[in-house]
Amino acid sequence: MILEKIKDINQVKIKLLGFTLYKRSRQTNIQDYLHGFFTIEKNNKRKIYRILGLRVASKKNKKNKNKYDLVSCVNSTDIVVPNYNVLKDELPIQIDDIIKYVELNTIKVVSFDIFDTLLLRPTLEPIDLIYLLSEIVNKKYNIEILKLRLSAENEIGIEQSNIYNIYDFVAQKLSLDETTKQLLIEEELALENKLLSVRKDIKLVYDAAVRCNKKIIAISDMYLPKDFLLKVLQDKGLNQIEKIYVSNDFHKRKDTGELYDEVIKEEKISPSSILHIGDNYFSDYVKPLEKFITAVYYPSIKNIITSEKSIYKDVLSNYQNLDIGQRLLIGFSFNRIFADSTKMPTKPHIFSDISFLTKLLIAPVLSNIALQILQNNEIQKKYKIINFASRDGYLPKKAYDFLNEKLFKTKLPSRYIYLSRRSYYLFECKDIIEYVKNINIIHDPSYKLRNLIYALISDETLQNTLLNNLSEEEKNLSFYENKQQCIDILEKYKNILDEYEVQTKNNILKYFEQEISEDNSQNSIIFDIGYSGSIGNALKNITNVCFDKIYLFETSKNRELDKTNNTKTFNIMPEVMDYTPIHLLFEELFSPYQGACIGYKQIKDKISEPILEVLLENNQMKKIFTTIEKELNEYLNDFIDLFGYYINDINIHNMKGFMELARFSWLKSPYCEMNIVKNVIFPDPLNCSENFSLQYKIMKHSNGYYNVFSATGFNNPEKRCSINHVLSSNFNKKIGIHCHLFNVDLSEEIIKYLKDFPVEFDLILTIPDKNYENVINNLFNSKIISNLNKLIVKVVPNRGRDVAPWLISTKNEQKSYDIFCHIHTKKTQNAIWANRWRNYLFSNLIKKDSVIDIFNFFEEDKELGIIINDFYPELAKFCIEKNIPLIGQANEDVMIDNLLNRMGFLPLIPRNDLLFAAGTMFWYRPEALRPLFELDLTYEDFPEEPIGVEGTIAHAIERLPALVCERNEYKSVIYSKY
């Protein structure tokens with residue numbers, strides 16, 4: 001609630017963002033009291049309140065409405081904070097746990113899926129390599145194969161076709177000879193071989209299998225030949241894989257389950273003795289489980305970073321529309337992070353720290369800059385050397401030199417040119433006084449005359465001479481407020497300033513004559529972040545040479561300068577125009593103070609630059625830029641190792657996807673991510689008196705926020721206090737959990753919660769298919785679930801859904817426990833929110849923090865009998881829209897009355913007593929629900945499957961537990977934390 005009205009005789013109390021304000025006089029307009037925070041607009045029907053920028057409409061005006069009535073609440077969607085999760089925590093299972101499965105004595109064979117599990121392509125979509133292949137083939141053989149190659153598998157009419165069938169089809173359609181066909185096959189196989197890399201975290205599982213002397217096999221739905229796949233795996237160091245089962249060899253697939261039948265037959269082993277690991281939930285998890293194989297689902301990189309709770313999901317939604325070069329760079333960049341779970345970010349941010357900012361933004365952009373310059377034939381042929389301007393040319397030069405040396409060797413050499421504002425401002429006007437007249441220090445009253453002197457004069461002796469001749473009043477004159485007076489004071493020292501100007505200009509000219517003497521022609525070029533065009537103008541003023549430019553960004557102002565000077569600009573990122581925060585981010589992060597200091601050391605005898613000494617003392621900046629350089633070196637090395645052979649075929653036309661990562665990080669991420677650059681401070685004394693951080697500059701110039709709370713501490717979940725969930729020291733209860741495991745493919749989801757269970761417990765699993773018994777014993781074991789005391793697996797009839805197995809098959813165990821939980825593998829058909837509902841129930845019942853809360857509730861209140869979750873919101877909305885009565889609409893009420901009679905309770909349920917766990921999952925004291933178990937129901941009391949969503953005894957019993965608890969003189973409560 002943002003505002004509320006509380007009337008008394010003398011005051012109105014207003015709650016604004018948690019602060020309480022009082023309006024003493026009723027005659028004062030409330031909008032005047034909240035000036036700047038609160039405004040009112042009127043139309044003929046409603047008042048529109050604007051509270052800190054939020055637009056809130058009142059209800060339709062009524063004639064008798066009190067003029068002091070205020071809005072009592074705001075639409076929650078106006079201030080909603082997105083809910084993102086740490087992606088490592090969202091993994092269905094951790095690598096260490098998979099290794100524990102490998103180590104089980106009951107596992108004899110370890111099986112891996114190949115693509116996206118053992119081996120990674122540098123892309124989020126396998127089809128991207130076909131696009132790259134098409135470009136290579138087109139360039140090399142002048143053959144266009146893209147459309148045919150993409151459609152071949154669907155059109156050739158051969159079930160489980162292989163690569164030879166595919167190229168027979170392509171060759172026939174294009175009338176290619178046998179030799180050319182073989183060349184195309186070799187190109188595709190070579191591309192796969194060179195660009196595939198081992199997934200590091202799954203390699204740990206493979207190593208464990210080798211260490212445990214397990215037989216290792218691989219199973220893949222794939223058109224590539226078995227022998228080729230085996231050789232690739234061996235070349236990548238996975239040489240202990242004994243056999244590969246590939247769909248095109250058997251003409252059977254994993255996704256139908258038929259290929260697993262062949263595996264079981266060939267391996268001559270019990271299915272449950274095989275552990276299969278793969279990234280496809282259906283083909284690598286559901287299907288092998290159906291064959292009673294012990295299976296583990298470990299998602300692909302794509303599935304991890306585009307999962308429901310991933311902050312990257314929305315940013316990457318436009319992935320398919322990016323050019324192939326950029327898609328490869330994105331895939332490569334994310335693979336480097338997410339292929340090793342030990343190096344995945346520990347925060348749900350776009351950039352959780354400077355290291356991840358470099359890996360996902362700075363290094364990719366620098367790689368693109370270097371490639372664009374190295375691959376541009378016009379640049380490489382027209383000029384003698386590539387000049388890189390300080391400071392922001394430092395890292396681009398480093399990337400250029402690195403790739404040139406490792407991959408090209410014959411490209412143009414580079415040179416770093418020191419070119420700070422202090423080295424060229426003197427050439428912008430005829431003298432210092434004229435320059436001062438043109439300075440416009442906007443809205444900075446704190447900028448004093450002494451600040452201006454420090455900025456203009458780098459010679460400390462001259463600084464002291466001037467300042468010693470000024471009074472304290474003169475030194476502290478605000479230049480912003482007293483510009484003409486300051487100019488008049490400086491006019492008194494014009495001779496001294498002119499002498500200094502001449503000497504300094506001569507020193508600068510000597511430096512530039514020495515550095516760029518061979519560039520005194522019309523064929524000179526320099527790299528700079530650009531966007532303003534000031535570098536080109538500065539060089540022209542100093543050297544009388546019109547330099548062409550390589551700019552990362554360009555604005556319309558620079559285009560006008562190109563026309564005036566008859567120069568050319570090569571624009572590396574034309575898609576980014578006048579968006580200052582992006583410009584600032586790269587300008588400063590490409591400018592490590594090491595780069596500035598290198599330039600400083602080169603010319604320290606010619607130009608005094610004491611401001612750079614300050615940078616040397618900034619240890620926090622040193623740490624940031626040391627990290628950037630380290631990460632850049634590692635990125636470039638990995639980039640070369642993977643893409644080196646195809647470097648001339650990687651064409652990146654723009655960096656839109658990476659720019660969206662940057663924008664999202666400060667516009668839409670709730671985590672105030674630009675805090676990571678708050679210690680990046682490059683002083684600019686010619687512009688202002690204060691040394692503003694990069695964080696401040698980016699946030700100051702940003703626009704497009706969702707609302708006034710966006711990117712503030714109000715929206716930052718990390719600013720919220722979290723409850724310290726500590727279990728009561730008095731807690732000492734025997735805990736039992738029953739789970740009806742009808743959908744065995746949800747085992748991994750349940751294990752994920754139970755492995756963090758806070759106390760010892762017994763687990764009773766009921767399954768309707770005996771064939772799963774060994775698989776279940778493999779999956780649910782105490783090596784994975786550390787607090788699992790005892791596991792009981794019971795095979796039950798497939799009747800009564802989860803209710804019958806709970807009431808009938810756990811009846812004899814109930815008296816052994818103080819607190820008991822009933823859950824099941826719920827999959828609601830025809831509900832798009834079914835998985836979210838299940839996640840809601842599991843999070844509120846068996847997630848560690850929830851369990852501790854629940855146990856504390858039971859400990860504090862001995863009369864508490866049952867804890868249920870609130871109605872799931874989407875289900876509640878459905879019931880309201882369809883007008884479905886909560887008691888049921890298919891005679892459930894009659895069945896409930898009969899059951900209550902049998903338990904000795906009064907029948908008929910008044911509306912006030914309606915309370916139940918929709919979904920039938922809850923915690924309870926067995927004693928509180930004893931009458932339910934004493935019904936002595938049998939499986940024959942429940943109809944055979946299939947049954948619908950209503951109208952059976954199971955649906956009637958769903959509505960009974962809380963009611964029975966209350967009538968048995970225990971309390972029932974609702975708990976919903978998540």
Side-chain angles (χ1 to χ4, degrees), residues 389-390 418-513 532-545 557 560-561 564-565 600 603-612 614 682-692:
S390 68
Y418 188 81
L419 196 62
S420 73
R421 280 176 61 83
R422 277 191 165 193
S423 64
Y424 65 75
Y425 87 88
L426 292 171
F427 293 86
E428 293 182 353
C429 300
K430 68 177 183 180
D431 57 33
I432 292 177
I433 298 297
E434 182 181 328
Y435 177 80
V436 171
K437 290 178 180 177
N438 291 327
I439 292 178
N440 186 18
I441 306 297
I442 301 173
H443 303 304
D444 188 1
S446 64
Y447 194 86
K448 313 295 184 185
L449 178 57
R450 56 183 166 78
N451 297 118
L452 180 64
I453 290 172
Y454 283 126
L456 294 171
I457 310 299
S458 56
D459 183 278
E460 291 184 30
T461 302
L462 182 55
Q463 283 178 3
N464 292 331
T465 299
L466 290 172
L467 292 172
N468 288 338
N469 283 306
L470 300 180
S471 67
E472 287 299 315
E473 182 181 353
E474 289 174 322
K475 283 187 280 190
N476 290 308
L477 275 174
S478 168
F479 182 79
Y480 167 68
E481 296 172 337
N482 305 281
K483 182 176 180 178
Q484 187 56 52
Q485 189 177 350
C486 291
I487 292 172
D488 293 341
I489 293 171
L490 291 176
E491 288 276 12
K492 299 176 185 177
Y493 304 95
K494 187 175 187 309
N495 291 337
I496 297 175
L497 292 174
D498 287 346
E499 184 181 337
Y500 166 77
E501 179 192 355
V502 170
Q503 181 182 350
T504 304
K505 279 184 175 180
N506 286 335
N507 287 338
I508 293 170
L509 287 170
K510 285 180 185 177
Y511 167 72
F512 279 102
E513 287 172 3
S532 67
S534 58
I535 290 297
N537 233 29
L539 284 170
K540 181 185 177 185
N541 291 334
I542 297 170
T543 65
N544 291 319
V545 174
K557 176 183 176 182
E560 291 301 318
L561 287 170
T564 302
N565 298 328
Y600 167 60
I603 63 166
K604 63 181 180 180
D605 296 331
K606 301 180 178 66
I607 305 172
S608 176
E609 231 4 322
I611 197 72
L612 294 174
V614 178
F682 282 104
D684 190 355
L686 285 170
N687 272 342
C688 58
S689 61
E690 299 297 329
N691 297 329
F692 296 122

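Any value given below was found using the heavy atoms of this structure, including those in side chains, with hydrogens, waters and symmetry copies removed.
Expressed to the nearest 0.5 Å, how far OH of Tyr480 lies from OH of Tyr447 amounts to 15.0 Å. Taken to the nearest 0.5 Å, the CG atom of Leu462 stands 5.0 Å off from the CD1 atom of Ile457. Here CD of Glu474 is found 14.5 Å from NZ of Lys448. Values are rounded to the nearest 0.5 Å. The CD1 atom of Ile487 sits 6.5 Å away from atom NZ of Lys437, with the distance rounded to the nearest 0.5 Å. Here CG of Asn482 is found 11.0 Å from CG of Asp488. Values are rounded to the nearest 0.5 Å. For the atom pair CG of Leu470 and CD1 of Ile453, the computed distance is 5.0 Å after rounding to the nearest 0.5 Å.
Scanning both residues, Ser478 and Cys486, for their nearest heavy atoms gives O-SG, 4.4 Å.
Phe427 has its side chain within reach of Ile508: a pair of non-hydrogen atoms, C-beta onward, lies under 4.5 Å apart. A heavy-atom distance below 4.5 Å is not found between the side chains of Thr504 and Asp459. At a threshold of 4.5 Å between non-hydrogen side-chain atoms, the residues Leu452 and Leu490 count as touching. The shortest distance between side-chain heavy atoms of Leu497 and Asp431 does not fall below 4.5 Å. Taking the side chain as every heavy atom from C-beta outward, Leu539 and Val545 never approach each other to under 4.5 Å.
Scanning for side chain to side chain contact (heavy atoms under 4.5 Å, CB included) contacts around Glu560 gives Lys563, with sequence neighbours left out. Partners of Asp498 by side-chain hydrogen bond (donor to acceptor under 3.5 Å, both in side chains), not counting sequence neighbours, listed by chain and number: Lys494. For Lys483, there are no salt bridge (charged side-chain N to carboxylate O under 4.0 Å, His left out) partners at least two apart in sequence or on another chain. For Tyr500, the side-chain hydrogen bond (donor to acceptor under 3.5 Å, both in side chains) partners two or more places apart in sequence, or in a different chain, are Ser458. Taking the salt bridge (charged side-chain N to carboxylate O under 4.0 Å, His left out) definition, one finds that Lys505 meets it with Glu501, sequence neighbours left out.
Residue pairs satisfying the salt bridge (charged side-chain N to carboxylate O under 4.0 Å, His left out) criterion with at least one member in residues 463-472, sequence neighbours excluded, are listed as follows: Glu472-Lys475.
With a 6.0 Å radius and a threshold of 12 heavy atoms from other residues, nucleotides or ligands, Glu434 has its CD atom above the threshold. Heavy atoms from other residues, nucleotides or ligands lying under 6.0 Å from CD of Glu473 number 12 at most.
Remark: the Gln503 side chain and the Asn507 side chain contain no N/O donor-acceptor pair separated by less than 3.5 Å.
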